[in-house]
Amino acid sequence: MTKHPDDASRAATEPLREDIRLLGGILGQTVRDQAGAAVFDLVERARVESFRVRRSEIDRSELAALFTNLEVDVAIPVIRAFSHFALLANLAEDLHRERRRAIHVRAGDPPQDSSLAATYAKLDAADLDSSGVARALDGALVVPVITAHPTETRRRTVFETQNRITDLMRYRERTELDAAEDAETLAALRRQILTLWQTALIRLARLRIQDEIEVGLRYYDAALFEVVPRINAALRRELRRRWPDGNLLPEPMLRTGSWIGGDRDGNPYVTADVVHRATRRAAATALDRHLHDLETLGQELAMSARLVAVSADLDALAAASGDDAPSRADEPYRRALRGMRARLTETAVAVLGGDLARTSSAALADSGLEPYRGPSELLADLAVVDASLRGHGDDAIADDRLAVIRESVEAFGFHLAGLDLRQNSEVHEEVIAELLAWAGVHPDYASLDEPQRVSLLAAELRTRRPLTRPGASFGERTTSELAILAAAADAVAELGPDAIPNCVISMCTSVSDMLEAAVLLKEVGLLVPGDPERRAPNVVPLFETIEDLRGGAATLRSALDVPEYRALVDARGGLQEVMLGYSDSNKDGGYLAANWALYRAELDLVDAARDTGIRLRLFHGRGGTVGRGGGPSYEAILAQPPGAVTGSLRITEQGEVIAAKYAQPRIAHRNLETLLAATLESSLLDVEGLGPDADAAYALLDDLAERARVAYGELVHETPGFVEYFTTSTPVAEIGDLNIGSRPSSRKPTRSIGDLRAIPWVLSWSQSRVMLPGWYGTGTAFEDWVGGDPDRLARLSDLYRRWPFFRTVLSNMAMVMAKSDMGLAARYAELVPDTELRERVFGMIAAEHARTVAMYTAITGNDSLTADNPALERSVYNRFPYLEPLNHLQVELLRRYRAGDDSDRVRRGIQLTMNGLATALRNSG
């Protein structure tokens, strides 16, 4: 249903098409030179035929025939060619978004809705009072949490080459070049694309957790170190200018988090050594950056004591630095900063064992100075430098690099990013049972009912007595869990409590699940009952399934009724974080039912927080794709119910979405501003827009969600043979077999959909272009409820116009359906050996797809799935035909692989198609 762009749209996007033609042309020539004319000719023919398929000039089978029985040594360079094109097209589209944004700014047009400038305008118009703003933003915090993802397997070399190509394209567009200079720039582009072609896109071996840790850290040097401090400083400045008496945001609102190396739910490869590595590599990254920044600042602050009068405190810092070099005798700032670098180097030596990245910093080791015990001490010294500069009129200098360094230390500390621990509640139960039995507290914890468990665990939280002792012997799982928690405790001891801020409980269903986690934290000293000085990690229940989401507020209320647990919450200033699982709820009940269960859960949790007098912070476990809660972040945050944001938001970021959002400073700045803009608006303004109609709208969604859940369940949970259809028509088995990611694809070794991890569930459907988790069941729900009644259809249309939640649900659904393709899905269905099963299940999917598209257009009035998403419309029109060969090649190689050809080349080809499609679709899993 993608429209051909009109003349105005084509004119606006002509620069994008020019970029794609340029990059595609250079890539094509590179393919010809490197892979030979035969491969190039096949790529070109496939490209032309793909566009003919889109124009309905030929049947898909004619294109597929190009690859039937194609030699794998020819197939692989063809796959690589189309994968590289997808990557280069991503770069071109990102550059085009920058271009359009700059055009709007130069023209003086109103800022985009997702920008902070637009948000400030909305706040100004709302005439908010400072006391209300201060209450709403008390403890304000926005944290994107980077997680590992199997489809983000690009190597650092590829990552850096992409950045160089982007920089060259920017330079070519924004600089007046003569013919010779332009030719030189084009030659540089050709060299970079040649480098890209000659660099393996993916690793030969299975991605290890240490690789995933390094992938996550690369975004700090790429963008986050530059962007986060500047955004925090600008945000604080703008808010305090509007409400000067509120002392707003005393701490940075924007911080970063990570799950890589701490998320052990279903991942046996996360060990104590991995936790140690994750926290120390993060610390090394932060400390190295701070040392570099201090060195650069020292080079800049060359003021002579003969020309400026520094403060007594600055003089004292210089005197204590141990720097007695005659050349710096009259340069107190340089001496003070050298002393600060020496102290920070000693900190790095203490934490990292002397493994310093910077030679110049390593030279400052063994200075005899005391290490900084925490970021607050370094910040205090930086404040002395700041005050001294301002004392002799150098405010402009203080507001430049020094201000950014102070913001950087505040935001990243010595730990860089908080590493969350996550484990399944079943594992916690097993470990607690063994500990209690060993300690003689209870021989069979598993036999106790819920009230008995709560009573026993509460008693344990009243005492500091441990359940173990050094040298105690336990089973493998208990030994591993205790070692992991001990490694986390070591990280906290060395880097502070921000290093391990949260303990997330997967599949949390009861109060005892929450108390078990607290007892385990107590066992390693991360939680000390009755010690107000010890800031324990937050115990964070993760409500994932539809049923658990419905009962989440009741579970929280019951936990807060336990005095020992309430004391833990009170010790954290009354803060309780709750995580909401988009992935498993969707896998459990389908797209519409899951989204509404999440909204309802948030409403109930807000009520519970208000009634119990706690501060609620929600952590949204959103994946990259719509089937896992993905979609535009700004709209998603504004679609939260009233009271659900309250100045704070944590949200997971995954896989190729991370690269799309945080690989470049400009793009990272825009995406982080988007998170902050939506958080401020949701916290300070009425964005739901339903007013007195809210209860009626909620009741209607209750009805629609249940209809959708039933329709989804009839396919996924009740249709005989559905699991066989899924496993044979998609590459789900190959995702587990082909060294994609460090984590096993299932929590347990079964064929159950329930045990399958959400990433392979969603990724498999996206690879096969069905995108089923992002829409199935919704069309039936709408059609059944409307029943041909125009008044009912008008009511849905009214909700679409007025209610951000409903509009976002439909918009995200349209986005994912625009990326689906039932013609290609039919090709994957041909992989199902059972003809009757294939026709029956695919028939259900195709019929629901058509039904859902029809209901979407009827409700919204849009004539296409991309009508409200011009960027997606451009993407679908300009480059989605280039994906088609990757799909056909994947089907062909899957057929061979399953027929017994498991050669390394076939396996590599399948893996490359997965990577190429994930890159092209951008939010695929």
Are Asp703 and Trp785 close enough, and set up right, to give a side chain to side chain contact (heavy atoms under 4.5 Å, CB included), and what steps lead you there?
CA-CA 8 Å; Asp703 187 341; Trp785 186 81; 3.5 Å; yes
In terms of side-chain geometry, is the basic nitrogen of Arg807 or Glu635 positioned less than 4.0 Å from the acidic oxygen of its partner?
no
Polar contact flag, side-chain donor to acceptor under 3.5 angstrom, Lys587-Thr545:
no
Flag the pair Phe722 / Val716 as yes when at least one side-chain heavy-atom distance between them is below 4.5 Å, and no otherwise.
yes
Identify the heavy atoms of Ala559 and Val511 that sit nearest to each other, and give their distance.
N-CG2, 3.5 Å
Decide side chain to side chain contact (heavy atoms under 4.5 Å, CB included) for Ile614 and Leu556; before the verdict, give the C-alpha distance in whole Å, the side-chain angles of both, and the deciding distance to 0.1 Å.
CA-CA 11 Å; Ile614 64 165; Leu556 180 59; 4.3 Å; yes
Does a side chain donor of either Arg557 or Thr612 reach within less than 3.5 Å of an acceptor in the other side chain?
no
Search all heavy atoms of Tyr698 against all heavy atoms of Pro642 and return the closest pair with its distance.
OH-CD, 4.5 Å
Do Val732 and Trp761 come within less than 4.5 Å of each other through their side chains, counting heavy atoms only?
no
Going by the rule ring-ring contact (aromatic ring centres under 6.0 Å, His included), which residues pair with Tyr725 if we only count those two or more places apart in sequence or in a different chain?
none
side-chain hydrogen bond (donor to acceptor under 3.5 Å, both in side chains) between Ser811 and Asp868, worked out:
CA-CA 8 Å; Ser811 177; Asp868 65 348; 3.2 Å; yes
Please answer whether the main-chain N or O of Ile667 pairs with a side-chain N or O of Asp94 as donor and acceptor at a distance below 3.5 Å.
no
For a quick check under 3.5 Å, do Thr147 and Glu653 share a side-chain donor-acceptor pair by atom type?
no
Pairwise distance CG(Leu137) to CH2(Trp243) - rounded to 0.5 angstrom:
8.0 Å
CA sep, side-chain torsions, deciding dist, call: Leu772, Tyr712, side chain to side chain contact (heavy atoms under 4.5 Å, CB included):
CA-CA 10 Å; Leu772 182 140; Tyr712 174 88; 4.2 Å; yes
Give a yes or no on whether the backbone of Ala594 and the side-chain of Asn586 come within a donor-acceptor separation of less than 3.5 Å.
no
Passing option when Trp803 is tested against Leu701, Asp693, Thr808 for side chain to side chain contact (heavy atoms under 4.5 Å, CB included):
Leu701
Arg242 side chain to Glu238 backbone, donor-acceptor under 3.5 Å
yes
Counting the benzene-type ring for Trp, do Phe805 and Tyr599 have ring centres under 6.0 Å apart?
yes
d(Glu98 CD, Glu93 CD) to nearest 0.5 Å is 13.0 Å
Measuring from Glu839:CD to Met844:CE, what's the distance to the nearest 0.5 Å?
14.5 Å
Closest non-hydrogen atom pair, Leu690 against Ala697:
CD1-CB, 3.9 Å
State whether a side-chain donor-acceptor pair under 3.5 Å links Tyr856 with Asn862.
yes
Side-chain ion pair, Asp821 and Arg60, N-O less than 4.0 Å:
yes
Taking the side chain as every heavy atom from C-beta outward, state whether Asp548 and Thr555 have any atom pair closer than 4.5 Å.
no
Side chain proximity check, Val770 to Ile845, heavy atoms < 4.5 angstrom:
yes
Would Leu824 and Glu884 count as a side chain to side chain contact (heavy atoms under 4.5 Å, CB included) if you check the C-alpha gap in whole Å, the side-chain angles of each, and the deciding distance to 0.1 Å?
CA-CA 8 Å; Leu824 284 170; Glu884 181 132 350; 4.0 Å; yes
Return the minimal non-hydrogen interatomic distance between Ser729 and Ala829, and the atom names on each side.
CB-CA, 4.2 Å
Lys/Arg-Asp/Glu bridge criterion (N-O < 4.0 Å) met for Arg795, Asp798
no
Thr778 side chain to Trp775 backbone, donor-acceptor under 3.5 Å:
yes
For residues Asn887 and Gln767, report the shortest heavy-atom separation together with the two atoms involved.
ND2-O, 2.9 Å
Does Thr857 use its side chain to pair, donor to acceptor, with the backbone of Ala854 at less than 3.5 Å?
yes
Indicate yes or no: does Asp138 engage Arg135 in a salt bridge with an N to O separation below 4.0 Å.
no
Should Pro144 and Tyr662 count as side-chain neighbours, where that means a heavy-atom distance under 4.5 Å?
yes
Does Glu724 offer a backbone N or O that forms a donor-acceptor pair with the side chain of Thr727 under 3.5 Å?
yes
Between Arg650 and Val143 (side chain of the first, backbone of the second, donor and acceptor by atom type, cut-off under 3.5 Å), is there such a pair?
no
Strictly distance-based, threshold 3.5 Å: is any side-chain N or O of Glu544 a donor or acceptor partner for the main-chain N or O of Gly581?
no
Heavy-atom check, side chain of Val809 versus side chain of Trp596, under 4.5 Å
no
Donor-acceptor contact present, side-chain Thr852 to main-chain Gly779, <3.5 Å:
yes
Give the C-alpha distance, both sets of side-chain angles, the deciding distance and a yes or no for side-chain hydrogen bond (donor to acceptor under 3.5 Å, both in side chains) between Arg851 and Thr780.
CA-CA 7 Å; Arg851 188 179 299 118; Thr780 290; 3.2 Å; yes
Using only atom types and a distance under 3.5 Å, with no angle test, would you say the side chain of Ser766 pairs donor to acceptor with the backbone of Leu763?
yes
From CZ (Arg827) to OG (Ser768), nearest 0.5 Å:
13.0 Å
Pick out which of Val133, Val645, Ile637 makes a side chain to side chain contact (heavy atoms under 4.5 Å, CB included) with Ser683.
Val645
Exactly one of Gln640, Arg617, His620 should register a side chain to side chain contact (heavy atoms under 4.5 Å, CB included) with Leu649. Which one does?
His620
Are Glu673 and Arg670 close enough for a salt bridge, meaning some N to O gap below 4.0 Å?
no
Any idea which heavy atoms bring Leu549 and Phe543 closest together, and the distance?
CD2-O, 3.4 Å
Indicate yes or no: at least one non-hydrogen side-chain atom of Leu580 is less than 4.5 angstrom from one of Phe619.
no
How long is the straight-line distance from CG of Leu810 back to OG of Ser797, given to the nearest 0.5 Å?
9.5 Å
So CG of Leu672 and CG of Leu235: to nearest 0.5 Å the spacing works out to 11.5 Å
Tyr828 ring centre to Arg769 NZ or CZ under 6.0 Å, with the angle to the axis within 45°?
no
